[in-house]
Structures are given as C-alpha cells and as structure tokens.
**Q** 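My questions will all concern the structure given below.
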Protein chains: 2
Amino acid sequence: MTTTPDLSEQLRGAGLRVTRPRLAVLDAVSGLPHADTDSIIGAVRRELPSVSHQAVYDSLHTLTAAGLVRRIQPTGSVARYETRIGDNHHHVVCRSCGAIADVDCAVGEAPCLDASDQHGFVIDEAEVIYWGLCPSCSTARPQ
Amino acid sequence: MTTTPDLSEQLRGAGLRVTRPRLAVLDAVSGLPHADTDSIIGAVRRELPSVSHQAVYDSLHTLTAAGLVRRIQPTGSVARYETRIGDNHHHVVCRSCGAIADVDCAVGEAPCLDASDQHGFVIDEAEVIYWGLCPSCSTARPQ
DNA sequence: TCCGCTTTCCTGAATGAGTCAAGATTGGGG
DNA sequence: CCCCAATCTTGACTCATTCAGGAAAGCGGA
C-alpha cells in the first residue's frame, strides 16, 4: 500500500501540513468508509501505536474543514467519516442494526435542491438519508 | 389552552397511557418546534415543576416510538423534536447558528425515494436536510 | 368506588463521545 | 541547520443520554 505519496499530495494540496497522524487517519477513513471515531482510532494505532485520541479528533476536524473527508451523523449514531466526497451521493441506514451503505442519487446532481420555500436561507447542500432495513435485518425479522 | 382533550386522545389513540408528564411533553413539543431536550424540560416544568428529566426523556422516546413526535438530529446538534409528522416535510439548518426551519419538499410526496441502487435495503423514509446560512447569518457574515 | 397489576416516574449514579488546556514536539520555509 | 507556528500528548473535564431500583400512578375489572 504505497499510497502515502497520494495522501501527502492531498494534504499539501489543501494547504495542510503533512504529519503522520493525518496520513494514517486519511488512510484509515478511506479504508473503512462510514467508520466511527473509535474504529478509526483503532485502525490508526495499527500503524502508529502511540497516537493520542485527541490527535485523531483534531485530524478529523481539520480534514473535514479542508473538505478531504466528510462527516455524517445519522440520528442516534455517533459521528462517522468517509472520503468519498464531491460526488453527491447519499446514504441508506438500517433502522435495526445501523448499517450504512452508499447510494447514488437517481435524480441527478442536486436532488431536491429547489426547496419550495427556503425561508431566506442560502442553501449550499442537500443531505439525504434513506431509512429502512438492510438485507439481513429485513429477512431476519420482517416484523 | 384547552387542547388537553385532543392531546389525551392522541395518546389514547396510540395505545399509550395518559399521564401528565406525557401531556406536558406533547404540548411543549408542539409549541416549540425543533426544540432540544433541555428546552422541552424547561417548558414542561413551567406546567409541572417537579417532573424529572428522566420522565421527559422516557416520554420523548415513547412518543417517538408511537409516531406522535419525530426526532431529528442534524450533524453536530443534540436531539430535537417536532410534532409535524406524516406530511413529508424536511429541514434547512444554518451552518453558522444552527437555526432550523421547515421546508415542504418541492418534488411532491416522496423525494428521491427511488434510489438508483438500494443495496437490497427496504427503504421506508427519505430524510432530507438542507445546509446553508439563515437570513441573519448570511447578511451578518457573508464570508 | 375500590383493587391490583403494570406501566410509568423519581432519585441518584454512571456512561461515553467529544472538548479544553497547557506544555512538549515536529514540520518545513528561510 | 534554525526557528516559529502548527500540531501532538497527557490528563482532566463537560454534558447529553442512559441505567437501576424503588415509589407512585393509570386503568381495567369487580
């Protein structure tokens, strides 16, 4: 996995310093889409055993602010992160087990972006979350 | 405000016991759309000064499970509740101050419900959150 | 109207994701 | 190679939400 050069480029391109914690976090998030902070900390520590949880939190915030990762947080879930950004995709969340999957919106680029009455808000993004049951949960307990 | 009979009916119709905490919570949520739990506790205690926060949490869970209130929780926010349900409306959230407003979806009843690839999920709801800046924040700090 | 069985509520403590703060390290331009 | 600002470490802390056990209150039936 010699993707480190790419990841460094991403960081540098966003005007951020290239540090090992950030590289590890970026790598972990891209390898574990929709992972929560705890899983990310675990994955990062497999590379760098001594990173503090704080460094991971800081990195995630910085990377999110820089637009390199996206943070999602469905109702009832902790924060989750992914690196697939800028392609206008959405998420399906299982009400039963919390599993998350990506969904490309059928409508096109900007779904429902023309809200009927925006109340004067300047809208820049429409986030869509589909709720339902994942394959295993829907067969395991149809009720 | 003699809406108590109505509220009692709602509870009874959902097969729930009619208790004063529940009536007060239902009343508070309908009077303060998008309020967080703390505000709801405050409003409830104006009617019933001695309700425990636990009773409010329990009531909110029960009412949510019964479909009498809806829980929303935009990324970075605590849980918020509203009584406007079953009419397929969505929300605009201000990135700066967190203000929330209702939005009737322009598309019709079920926006984007036909996701291109559902990954085998059985979808029953599409939740849409528009992100942007509210009128005051967009004029106060255009940047 | 009263009983009794549950459900619901209260008190008080615990959990856990996320944040704050201060000092030590480190990246990278000069 | 140096130096300073940005970043990381450590450790304490916040606060929304949950857990637990006993008390109180709904409500269907007598």
Side-chain angles (χ1 to χ4, degrees), chain A residues 4-5 7-26 28-29 34-45 47-66 68-69 71-81 98, chain B residues 4-5 7-26 28-29 34-45 47-66 68-69 71-81 98:
Chain A
T4 311
L7 300 180
S8 300
E9 283 316 303
Q10 282 193 263
L11 289 172
R12 240 182 284 275
L16 301 176
R17 282 194 183 174
V18 180
T19 70
R20 278 194 289 182
R22 285 180 183 169
L23 289 172
V25 167
L26 207 43
V29 174
H34 312 138
D36 57 31
T37 310
D38 232 44
S39 311
I40 295 170
I41 291 176
V44 167
R45 288 196 173 143
E47 287 295 309
L48 300 170
S50 62
V51 265
S52 62
H53 70 135
Q54 192 58 252
V56 175
Y57 273 101
D58 284 351
S59 298
L60 287 171
H61 284 171
T62 306
L63 295 175
T64 301
L68 296 180
V69 308
R71 173 181 176 163
I72 60 174
Q73 186 175 14
T75 297
S77 165
V78 295
R80 292 164 179 283
Y81 298 86
Chain B
T4 310
L7 300 180
S8 299
E9 283 316 304
Q10 282 193 262
L11 289 172
R12 239 182 284 275
L16 300 176
R17 284 191 182 175
V18 179
T19 69
R20 278 194 289 181
R22 285 179 183 170
L23 288 172
V25 167
L26 207 42
V29 174
H34 312 139
D36 59 30
T37 309
D38 231 44
S39 311
I40 295 171
I41 291 176
V44 166
R45 287 195 173 144
E47 288 294 310
L48 301 170
S50 63
V51 266
S52 64
H53 70 134
Q54 192 59 252
V56 175
Y57 273 101
D58 284 351
S59 298
L60 286 171
H61 284 170
T62 306
L63 296 174
T64 301
L68 296 179
V69 309
R71 173 180 176 164
I72 60 174
Q73 187 175 14
T75 296
S77 164
V78 295
R80 291 166 180 283
Y81 298 86

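Sequence lines set the chain letters: A, B, ... in the order given, protein chains first and strands last, and positions in each chain run from 1.
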**Q** In whole angstrom, what separates Ile41(B)'s CD1 from dC15(D)'s P?
**A**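 Between P of dC15(D) and CD1 of Ile41(B): 14 Å.
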
**Q** Sequence neighbours left out, what passes side-chain hydrogen bond (donor to acceptor under 3.5 Å, both in side chains) with Ser52(A)? Give chain and number order.
**A**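 Scan of Ser52(A) (side-chain hydrogen bond (donor to acceptor under 3.5 Å, both in side chains), adjacent residues dropped) gives none.
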
**Q** Within the structure provided, determine whether Leu63(B) and Leu26(B) are in side-chain contact (heavy-atom separation under 4.5 Å).
**A**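 SC-SC contact between Leu63(B) and Leu26(B) confirmed.
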
**Q** Going 5' to 3' along DNA chain C, which are the first and last nucleotides with any atom under 4.0 Å from a heavy atom of chain A?
**A**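 From 5' to 3', the first and last contacting nucleotides are dA17(C) to dG28(C).
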
**Q** Which letter, B, S or -, goes with each nucleotide of nucleotides 17-30 of chain D from 5' to 3', with contact meaning a protein heavy atom under 4.0 Å?
**A** BBB------BS---

**Q** Restricting to side-chain hydrogen bond (donor to acceptor under 3.5 Å, both in side chains), what partner residues turn up for Ser77(A), sequence neighbours left out?
**A**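 In terms of side-chain hydrogen bond (donor to acceptor under 3.5 Å, both in side chains), with neighbours along the sequence ignored, Ser77(A) is linked to Arg80(A).
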
**Q** What do you reckon, is CD of Glu47(A) surrounded by more than 12 foreign heavy atoms closer than 6.0 Å?
**A**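 At most 12 heavy atoms, drawn from other residues, nucleotides or ligands, come within 6.0 Å of this atom.
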
**Q** Report the C-alpha distance between Val56(A) and Leu60(A) in whole Å, list the side-chain angles of each, state the deciding distance to 0.1 Å, and finish with yes or no for side chain to side chain contact (heavy atoms under 4.5 Å, CB included).
**A** CA-CA 6 Å; Val56(A) 175; Leu60(A) 287 171; 3.9 Å; yes

**Q** Could you tell me which non-hydrogen atom of Ile40(B) sits nearest to which non-hydrogen atom of Ala35(B), and how far apart they are?
**A**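 Heavy atoms of Ile40(B) and Ala35(B) come nearest at CD1-O, 3.8 Å.
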
**Q** Identify each donor-acceptor pair in which a side-chain atom of residues 14-23 of chain B lies under 3.5 Å from a protein atom, sequence neighbours left out, and give them as a table.
**A**
| unit_1 | atom_1 | unit_2 | atom_2 | d |
| --- | --- | --- | --- | --- |
| Thr19(B) | OG1 | Arg22(B) | N | 3.3 |
| Arg22(B) | NH1 | Arg17(B) | O | 3.1 |

**Q** Just so I know, are the side chains of Val78(A) and Thr37(A) near enough to count as touching, which here means a heavy-atom distance under 4.5 Å?
**A**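 Val78(A) vs Thr37(A): side chains apart.
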
**Q** Not counting sequence neighbours, which residues clear side-chain hydrogen bond (donor to acceptor under 3.5 Å, both in side chains) with Asp58(B)? List them please.
**A**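 side-chain hydrogen bond (donor to acceptor under 3.5 Å, both in side chains) check on Asp58(B) returns nothing, list empty.
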
**Q** How sharply is the helix from dT1(C)-dA30(D) to dG30(C)-dC1(D) bent, taking the axes over five pairs at either end and rounding to 10 degrees?
**A**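 Between the first-five-pair axis and the last-five-pair axis there is 40°.
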
**Q** Side chains of Val29(A) and Leu68(A), heavy atoms from C-beta outward: is any pair under 4.5 Å?
**A**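 Not in contact.
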
